[in-house]
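Please read these numbers as outputs of a predicted model, since none were measured by experiment. Chain identifiers are assigned alphabetically (A, B, ...) following the order of the sequence lines, protein sequences preceding nucleic acid strands; residue numbering begins at 1 within each chain.
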Amino acid sequence: MAKVLVTAALTSANEELHIDRFRTFVTADIFVRMRRALGDDVLFVCGTDEHGTSAALRATSEGVSTLEITTRYHDLDKQVLARVGIHFDYFGRTTSRVHHQTVQWFFARLQEKGSIKSAQSEENYCRKDQRFLPDRYVNGKCRFCGYLRASGDECENCGRALDKQDLLEPVCAICGESTEKKPTLQWYLQLEDFRDRIKDWISGNDPVLPVYGREFLLKQFLSASLENFSISRDLEWGVPVPLAGAEGKVFYVWFDALIGYVSFVKEAIQDRSGASWEDYWKDPKSRIVHFIGKGMVYQHAIFWPAMLLGTELRLPNSIIASGHLNLEGKRMSESSGWIILAEDFLEQFDPDFLRYYLIEGAPLTDDLDFRFKEFQERVNADLVDTLGNFVHRALRFVSDKFGGRVPAPAKVTPEDEELIVRVADAKKKVIESIDSFEFRSGLQAIISLARDGNRYLTRSAPWNLLRTDPKRAETVIYVSVSLARALTILSAPYLPNFTKRTSVMLGLNSYESGYEALEKELPPDSVIGRPAPPYQKVTEQMISDMMLRISAENSEEVDIDYFSKLDLRVATVVAAENVADTKKLLKLRVRLGRETKTIVSGIADQYDPTDLVGKKVVVINNLKPSRFAGVVSQGMLLAAEAGGVVSILVPLKEVADGSRVH
RNA sequence: AGCGGGGUAGGGGAGCCUGGUUACCCCGCCGGGCUCAUAACCCGGAGGUCGAUGGUUCAAAUCCAUCCCCCGCUACCA
């Protein structure tokens with residue numbers, strides 16, 4: 001039996017899971033379920049990456065130990081994932097003893113082979129806290145956009161990854177004092193030594209990056225020499241560098257986190273007799289598949305293979321990178337609260353709905369824009385009305401007209417045969433689609449098969465046949481229930497909840513055991529369970545509840561002084577026009593008592609300029625002027641926004657322009 | 001700037017690698033049918049100069065060139 005190792009990118013143990021991570025989890029899970037249904041011996045692992053500097057910083061500010069923080073998120077992630085039906089064989093943590101040992105083994109091994117070099121480097125240092133300030137431990141001004149609170153590794157404002165020299169006026173993230181430079185010893189992995197082999201691996205016939213990243217890496221990185229990869233940090237939180245004189249130094253979090261794929265395998269199988277982690281990481285006959293987000297291909301396809309080659313472990317077969325998830329056209333971002341927490345989402349909606357939308361919404365490599373309206377439409381139309389409804393109407397017919405016993409078929413017509421052929425086609429599509437990591441067409445084939453079922457039922461009209469030709473009615477219903485059963489089995493990788501529910505109704509018990517049941521005919525006279533609609537519709541109410549939660553998470557407590565700094569005023573719109581060459585911008589002239597101001601507002605897609613003239617509105621009067629498409633805006637119009645609808649705030653009673661709002 | 005991805009009916013996608021009958025699918029819209037089913041289902045219809053221009057060819061959404069527009073990435077960033 002083929003051994004397959006499937007991994008999903010580790011989660012970072014300093015924040016709650018957002019639904020954007022689920023594109024990776026869901027694709028990995030679908031792949032795992034399908035390969036298992038085909039009989040493969042699959043090991044599915046994931047875990048928490050606990051050595052990030054964000055977690056350590058957070059611990060400092062909350063006054064607790066870092067391990068306390070990461071344990072909290074590890075437990076939470078594990079629980080949320082289980083609830084969504086993503087069951088890893090093992091969900092590890094990078095703070096485990098086995099992992100620490102494995103990381104140190106990698107380092108020792110690489111050093112032995114001469115792939116690691118040490119060198120002095122000048123790093124940011126805080127004299128007051130007596131510590132070095134790597135990555136997020138230092139803040140400063142972003143060289144590119146001028147944002148004053150950028151971190152050492154990333155500017156939140158412009159989204160750029162920053163290097164040490166990109167951060168101007170650096171200050172300590174803990175005490176705020178300015179930093180100084182101090183020399184320190186660091187270790188580097190000599191990536192260049194592995195470049196040719198990595199290049200061959202990536203450009204080989206058996207595509208390692210079948211969906212995304214191949215051209216990008218070959219052109220952008222592997223065509224020129226690779227810089228050394230700095231793998232150590234002067235920090236106390238992390239896996240210690242196991243050398244004399246390296247006290248106070250740990251491995252860089254990416255060096256450590258990737259190795260989790262090996263240590264988690266060790267931990268996963270430690271109780272299995274006769275099994276060894278080497279069966280996965282040394283045996284060339286095994287298969288290794290990594291599922292990750294698009295933003296991590298570099299680490300997985302450059303750092304990681306270098307580390308594996310250097311330690312003489314085998315390289316993965318496939319790295320599957322999925323695109324990002326945006327929310328209503330805007331990039332999700334923690335700092336602004338523009339995110340959907342997985343826990344909230346899954347409390348409100350069936351996990352199958354998320355799985356469906358994440359796969360169906362866009363090709364895997366494209367960024368997917370999560371739009372609630374579209375989510376609702378797609379889920380209701382395809383899952384509830386087409387798939388769920390078909391199975392339900394077939395089973396209800398059996399239950400209402402045949403006393404819950406599936407009738408035996410009489411003569412089979414060409415039309416019936418046609419449907420049976422479609423089942424075989426759909427099965428082929430599902431397997432091919434998942435095996436080629438493309439996922440969508442298999443799911444579409446299932447929905448399309450349900451559509452065929454609905455068409456078949458409507459055309460055959462067994463409710464009429466019951467009177468005119470009862471034998472034929474029995475055959476039609478037998479065929480329909482067979483199709484419902486086929487849909488149940490085929491949906492298993494994609495829609496586990498659906499399969500679970502309809503299996504019970506159909507009296508199937510081995511739905512997860514594979515596709516062989518598809519080859520067997522449904523035994524006539526089978527007794528079915530009580531039919532019920534497998535899914536409930538997504539309602540407007542559910543959507544607005546969800547939207548409300550997003551905005552609630554967005555808020556931070558402030559005091560009244562903070563609020564009173566805002567100068568909110570009532571104003572009358574005296575003129576309005578579209579800003580040339582823009583889609584959403586409207587240029588408004590508003591009168592606040594004596595003065596008249598220009599305000600640019602992004603509402604042109606919702607409001608016609610002529611409808612606004614003469615209306616009383618509320619504006620922020622003391623907002624720093626800002627330029628949009630060449631027009632200077634001297635304030636901001638207040639409006640409520642939910643589910644893509646923008647509603648401008650207006651005063652209920654007549655008040656004078658310039659009246660204060662508080 | 002460089003690199004990667006993309007521009008196909010109102011919206012979202014497939015087709016492009018391996019050119020070839022009326023460019024396919026889903027949603028939406030319009031009209032009709034059915035009443036077994038969660039106002040669900042089924043049938044029919046309208047709607048496209050396949051980003052632009054030029055070229056190769058008997059034939060181009062599909063190959064080549066140039067240009068325009070969008071999105072992303074640019075290394076220690078999940």
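When each of B/A78, B/C76, B/C26 is scored by its nearest atom to the side-chain atoms of A/R451, the top-ranked nucleotide is B/C26. Distance from the side chain of A/Y298 is smallest for B/C77 among the nucleotides B/A40, B/C77, B/C26. You'll find that the side chain of A/R459 is closest to B/C43, out of B/C71, B/C77, B/C43. Closest contact between the side chain of A/D382 and the listed nucleotides B/C36, B/C26, B/A78 involves B/C26. Nearest to the side chain of A/R371, among B/G12, B/C77, B/C42, sits B/G12.
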*For A/T539 and A/Q541, what are the C-alpha separation, side-chain angles and deciding distance, and is it a side-chain hydrogen bond (donor to acceptor under 3.5 Å, both in side chains)?*
CA-CA 5 Å; A/T539 61; A/Q541 184 64 48; over 6 Å; no

*So A/Q186 and A/S230, side-chain hydrogen bond (donor to acceptor under 3.5 Å, both in side chains) or not? Walk me through it.*
CA-CA 7 Å; A/Q186 302 291 6; A/S230 145; 5.4 Å; no

*Just do the side-chain hydrogen bond (donor to acceptor under 3.5 Å, both in side chains) check on A/Y188 and A/E227 with the steps written out, would you?*
CA-CA 9 Å; A/Y188 297 88; A/E227 281 177 35; over 6 Å; no

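RNA chain B contains the following stems of three or more consecutive Watson-Crick or G-U pairs, with both distances under 3.5 Å: B:1-7 with B:68-74, B:10-13 with B:24-27, B:29-33 with B:41-45, B:51-55 with B:63-67.
Shown here is A/K429, whose NZ atom has no more than 12 heavy atoms of other residues, nucleotides or ligands within 6.0 Å.
Taking both residues in full, the closest heavy atoms of A/A9 and A/T24 are given as N-CG2, 4.1 Å, listed atom of the first, atom of the second, then distance. Shortest non-hydrogen contact noted between A/T94 and A/L10 is CG2-CD1, 3.9 Å.
Counting to the nearest Å, the C1' atom of B/C27 and the CZ atom of A/R440 are 13 Å from each other. Straight-line distance from the CG atom of A/L457 to the C1' atom of B/C36: 8 Å, rounded to whole Å. B/C77 atom P lies 14 Å from atom CE of A/M296, rounded to whole Å. At whole-Å resolution of the value, CG in A/L395 and P in B/A40 are 20 Å apart. One atom, NE2 of A/H324, and another, P of B/A78, lie 12 Å apart when rounded to the nearest Å. Atom pair A/L368:CG and B/C71:P shows a separation of 17 Å (rounding to whole Å applied). Distance A/F255 CZ to B/A78 P: 18 Å, rounded to the nearest Å. Distance, A/Y356 OH to B/G13 C1': 12 Å, rounded to whole Å.
Taking the centre of each ring, A/F370 and A/F375 come in below the 6.0 Å mark. Between A/F353 and A/Y356, the distance separating the two ring centers is not shorter than 6.0 angstrom.
If A/H392 and A/L10 are placed on RNA chain B by their nearest nucleotide, the residue sitting closer to the 5' end is A/H392. With the nearest nucleotide of RNA chain B identified for both A/E374 and A/V384, A/E374 has the one nearer the 5' end.
Checking the phosphate oxygens (OP1, OP2) of B/C43, a side-chain nitrogen or oxygen of A/R455 falls inside 4.0 Å. Considering only side-chain N and O atoms, A/R396 lies under 4.0 angstrom from the phosphate OP1 or OP2 of B/A37. At the phosphate of B/A40, OP1 or OP2 sits under 4.0 Å from a side-chain N or O atom of A/K537.
A/S230 comes within 4.0 angstrom of a base, heavy atoms only. Among the atoms of the strands shown, base atoms are found under 4.0 Å from some heavy atom of A/Q299. Residue contacts shown for A/L226 include a base, since a base heavy atom lies under 4.0 Å away. Among the atoms of the strands shown, base atoms are found under 4.0 Å from some heavy atom of A/P533. Within the nucleic acid shown, A/N389 comes within 4.0 Å of at least one base atom, counting heavy atoms only.
Taking atom P on both B/U56 and B/A14, the two are 31 Å apart, rounded to the nearest angstrom. The separation of B/A46 from B/A23, taken at their P atoms, amounts to 13 Å, rounded to a whole angstrom. Using P as the reference atom, B/A75 and B/C68 are 26 Å apart when rounded to the nearest Å. Atom name C1', nucleotides B/G54 and B/G10: the rounded distance is 31 Å, in whole Å. Straight-line distance between the C1' atoms of B/C26 and B/A9: roughly 13 Å, to the nearest whole Å. B/G20 and B/G11 have their P atoms separated by 27 Å, with the value rounded to a whole Å. The C1' atoms of B/C16 and B/G45 are separated by 30 Å, rounded to the nearest whole Å. Distance noted for atom P between B/G47 and B/A1: 41 Å (whole Å).
Judged by atom type and distance alone, A/R233 reaches the base of B/C76 through a side-chain donor-acceptor pair under 3.5 Å.
Using a 4.5 Å heavy-atom threshold, the side chains of A/R393 and A/N454 count as touching.
You cannot call A/F397 stacked on the base of B/C36; the centres under 5.5 Å and planes under 30° rule is not satisfied.
Between A/F255 and A/F251, the ring planes are tilted. Angles from 30° to 60° get that label.
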